[in-house]
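Scroll down for the structure; my scribbles are underneath it.
Each ligand, and each atom within it, is numbered from 1 in the order the structure gives.
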Amino acid sequence: MAPRTRKQFGQHWLRSDRALQQIVDAAGLSGSDRVLEIGPGTGILTRRLLPLAAAVVAVEIDRDLCKLLAKQLGETPNFLLLQGDVLELDLDMLLANFPQFQQPNKVVANIPYNITGPILERLLGSIAAPNPRPFDSIVLLLQKEVGDRLCASPSSKAYGALSVRVQYLAQCDRICDVPASAFQPPPKVDSVVVRLTPRPFIPAAADPRQLDQLVKLGFSTRRKMLRNTLQPAVDRDILVPLLESLKLNPQARAEDLSVESWVALSNALRGDGVTG
Ligand code: SAH
């Protein structure tokens with residue numbers, strides 16, 4: 001029997017063998033990988049990770065679950081359980097005394113959906129401040145709607161500021177769908193497995209903060225043309241010829257620009273007196 005669930009911690013126990021296997025496969029683990037798992041819950045995914053990786057560090061907020069996990073997996077030599085909030089705890093400091101577990105290079109997790117955004121930022125950083133020690137890969141089971149946004153192409157319905165922000169920092173691959181029925185209790189939404197592979201974006205933004213601000217402004221009103229939404233940062237008399245020189249439609253909206261185009265626009269605006 002799975003233990004009772006706490007709603008405030010977004011607890012939904014994955015019970016589908018198939019989904020568990022797809023998550024593990026997507027991580028492509030080797031015997032030298034050190035894995036960070038967020039929210040091990042009852043340890044169903046953890047048990048599959050442990051035989052495949054050099055080490056698994058799991059961060060779980062729920063004290064009762066931690067007790068249970070410690071009882072069941074506490075003796076496993078390559079397992080380290082940390083009780084706390086993944087958004088708060090200082091992993092580097094906590095792992096300082098555990099050389100075997102330091103600097104995990106991969107993340108594999110069925111995360112609590114209510115804190116997806118903050119978890120993504122914690123793992124990837126932001127355009128202006130990318131994680132200085134990027135993970136080799138991050139495999140997450142998340143809400144389908146968010147997965148769609150992460151992997152969206154320009155001009156599609158799901159493409160938005162989150163798509164640009166995350167795709168600037170990582171390659172995003174959609175691995176598979178996971179129906180709500182794969183969980184106990186089933187969440188209200190369907191899910192997807194996504195793999196994020198952090199890499200430097202080429203060409204890079206010369207001024208990442210400016211790019212961040214332009215994206216924010218541009219998507220603040222999706223329906224409007226950039227020459228209107230970006231007006232507070234750059235006058236349309238400058239912007240329109242610039243868009244044309246970049247072979248972009250002067251009537252383009254934020255959702256029409258690929259990540260490359262966002263970067264090109266930001267870089268072209270450097271030195272044009274843009275507030276940033
Ligand atoms: N991986 C498990 C459980 C997923 S549910 C499974 O696949 O069955 C999400 C898990 O994240 C729960 O165990 C929940 O207690 C934990 N959690 C929620 N908020 C957290 C936080 N801020 N930090 C760490 N863990 C958290």
Any salt bridge between [X] and [Y], counting N to O under 4.0 Å?
X: R122; Y: D85; value: no
X: D92; Y: R133; value: yes
X: D212; Y: K216; value: no
X: D148; Y: K157; value: no
X: D62; Y: R6; value: yes
X: R270; Y: D207; value: yes

Which residue owns the protein heavy atom closest to [atom], what's the atom, and how far is it?
atom: atom 22 (N) of ligand 1; result: D85 OD1, 2.8 Å
atom: atom 8 (O) of ligand 1; result: L14 N, 3.0 Å
atom: atom 12 (C) of ligand 1; result: Q11 CG, 3.5 Å
atom: atom 7 (O) of ligand 1; result: N110 ND2, 2.6 Å
atom: atom 18 (C) of ligand 1; result: F9 O, 3.1 Å
atom: atom 25 (N) of ligand 1; result: I61 N, 3.4 Å
atom: atom 13 (O) of ligand 1; result: E60 OE1, 2.7 Å

**OP:** Without swapping roles, check the side chain of Y159 against the backbone of L150 for a donor-acceptor pair under 3.5 Å.
**Re:**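 Not at all, since once roles are kept as given, no pair shorter than 3.5 Å links the two residues.
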Compute the shortest N/O to N/O distance between [X] and ligand 1 and return yes if it is under 3.5 Å, no if not.
X: V86; answer: yes
X: G39; answer: yes
X: T42; answer: no
X: G10; answer: no

**OP:** Can you spot which of I127, L214, L211 makes a side chain to side chain contact (heavy atoms under 4.5 Å, CB included) with V263?
**Re:**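 Exactly one option meets the side chain to side chain contact (heavy atoms under 4.5 Å, CB included) with V263, and it is L211.
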**OP:** Please determine which of N249, L246, L226 meets the side chain to side chain contact (heavy atoms under 4.5 Å, CB included) test together with L257.
**Re:**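 Among the candidates, only L226 passes.
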Would you check whether [X] reaches within less than 4.0 Å of ligand 1, judged by its heavy atoms?
X: G43; result: no
X: L45; result: no
X: L87; result: no

Side chain, backbone, both or neither: which part of [X] comes within less than 4.0 Å of ligand 1 when only heavy atoms are counted?
X: I44; result: side chain
X: I115; result: side chain
X: R6; result: neither

Original post:
Heavy atoms only: which of A182, P112, P118, P40 is nearest to atom 19 (N) of ligand 1?
Top reply: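 Residue with the shortest heavy-atom distance to the ligand atom: P112.
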**OP:** List the steps and the verdict of salt bridge (charged side-chain N to carboxylate O under 4.0 Å, His left out) for D17 and R48.
**Re:** CA-CA 10 Å; D17 257 343; R48 296 199 180 213; 2.4 Å; yes
Would you mind listing which atoms of ligand 1 come within a distance below 4.0 Å of any non-hydrogen atom of [X]?
X: H12; result: 4 (C), 5 (S), 8 (O)
X: V59; result: 24 (C), 25 (N)
X: G84; result: 23 (N), 24 (C)

Original post:
Is it true that atom CD of E75 has more than 12 heavy atoms of other residues, nucleotides or ligands lying nearer than 6.0 Å?
Top reply: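 Counting neighbours around CD of E75, 12 or fewer heavy atoms of other residues, nucleotides or ligands fall under 6.0 Å, so no.
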Subject >> same_hphob_cluster(L82, I119) at 4.5 Å side-chain heavy-atom cutoff >> reply: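 Yes: a chain of side-chain contacts under 4.5 Å links L82 to I119.
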Subject >> Working for salt bridge (charged side-chain N to carboxylate O under 4.0 Å, His left out), residues K106 and D136 >> reply: CA-CA 6 Å; K106 289 188 176 174; D136 294 335; over 6 Å; no
